[in-house]
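Here is how names work: the chains are called A, B, and so on, in the same order as the sequence lines, proteins then strands, and each is numbered from 1.
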Amino acid sequence: AQKVTQAQTEISVVEKEDVTLDCVYETRDTTYYLFWYKQPPSGELVFLIRRNSFDEQNEISGRYSWNFQKSTSSFNFTITASQVVDSAVYFCALNAGNNRKLIWGLGTSLAVNP
Amino acid sequence: KAGVTQTPRYLIKTRGQQVTLSCSPISGHRSVSWYQQTPGQGLQFLFEYFSETQRNKGNFPGRFSGRQFSNSRSEMNVSTLELGDSALYLCASSWGDRANEQFFGPGTRLTVL
């Protein structure tokens with residue numbers, strides 16, 4: 001079975017704090033892809049990152065960074081020095097098996113307060 | 001480059017009616033996927049079309065159907081609407097390979113009364 005778990009339903013931080021959003025996935029496939037998307041209040045999902053199962057290198061993009069650890073089946077997302085504009089719902093998703101559908105976590109709602 | 005467009009943005013229907021939602025993918029993208037988003041179930045995959053053929057299907061009843069045209073535009077249809085069909089319906093387009101990121105439209109908010 002394939003599954004994505006985002007244990008944190010809601011997180012509230014004060015601006016400039018660092019925050020980590022957790023994502024744990026389950027799959028028996030050796031080839032799979034992991035994604036993070038952001039859904040701001042406007043509703044449109046915005047792609048943030050894709051990582052394939054053979055690439056465990058961590059990635060940094062500005063204030064965003066991702067930590068992929070196959071040993072713990074986790075793909076965590078950290079925002080450094082958070083800003084109010086980071087307030088959104090963040091989704092982790094998995095593509096595994098010989099198909100193209102995404103399996104989604106339930107999302108983490110992040111509120112960054114001034 | 002224009003993004004994914006969905007029409008209409010908002011729709012109110014009553015139980016028993018049917019509805020058709022439309023999605024225009026990014027130019028050049030041949031894959032269109034549909035998702036249903038509800039507060040309780042989150043995002044759930046409905047189906048995916050590639051070059052006018054349905055390639056993948058989620059676990060939804062037969063009341064949910066779709067199609068794709070030669071220009072890659074896609075429509076989804078829901079017949080005999082139920083209250084539980086109230087949701088945000090999202091369309092995503094991609095080049096078609098499973099590794100490709102999907103680009104999402106703004107969604108159609110369907111309310112069934």
So if I take each residue of residues 104-111 of chain B and look for any heavy atom under 4.5 Å from a heavy atom in chain A, which residues do I end up with?
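So the qualifying residues are B/Phe104, B/Gly105, B/Pro106.
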
Other residues, nucleotides, ligands: >12 heavy atoms within 6.0 Å of A/Lys3 NZ:
no

Does any pair with a residue in residues 40-49 of chain B pass side-chain hydrogen bond (donor to acceptor under 3.5 Å, both in side chains), and if so which ones, sequence neighbours excluded?
B/Ser31-B/Glu48, B/Glu48-B/Arg55, B/Glu48-B/Asn56, B/Tyr49-B/Gln54

Does any heavy atom of chain B fall under 4.5 Å from the side chain of A/Leu106, the backbone, both, or neither of them?
side chain

At a heavy-atom separation under 4.5 Å, does A/Asn95 approach chain B through its side chain, its backbone, both, or neither?
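Both backbone and side chain.
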
If the threshold is 4.0 Å, N to carboxylate O, is there a salt bridge linking B/Arg63 and B/Asp85?
yes

Does the salt bridge (Lys or Arg N to Asp or Glu O under 4.0 Å) test come out yes or no for A/Glu59 and A/Arg51, once each step is laid out?
CA-CA 9 Å; A/Glu59 177 139 350; A/Arg51 179 60 83 229; 2.8 Å; yes

Examine whether an atom of [X] lies under 4.5 Å from a heavy atom of chain A, and if so say whether it belongs to the side chain, the backbone or both; otherwise answer neither.
X       : answer
B/Leu90 : side chain
B/Leu88 : side chain
B/Tyr35 : side chain

Decide whether [X] and [Y] meet the rule of one side-chain donor and one side-chain acceptor closer than 3.5 Å.
X        : Y       : result
A/Ser74  : A/Thr72 : yes
A/Asp29  : A/Thr31 : no
B/Glu101 : A/Tyr33 : no
A/Asn113 : A/Ser12 : yes

Choice from A/Phe91, A/Tyr32, A/Trp104 maximising heavy atom contacts with chain B below 4.5 Å
A/Trp104

Check against side chain to side chain donor-acceptor pair (under 3.5 Å), B/Asn77 and B/Thr20:
CA-CA 4 Å; B/Asn77 183 278; B/Thr20 299; 2.9 Å; yes

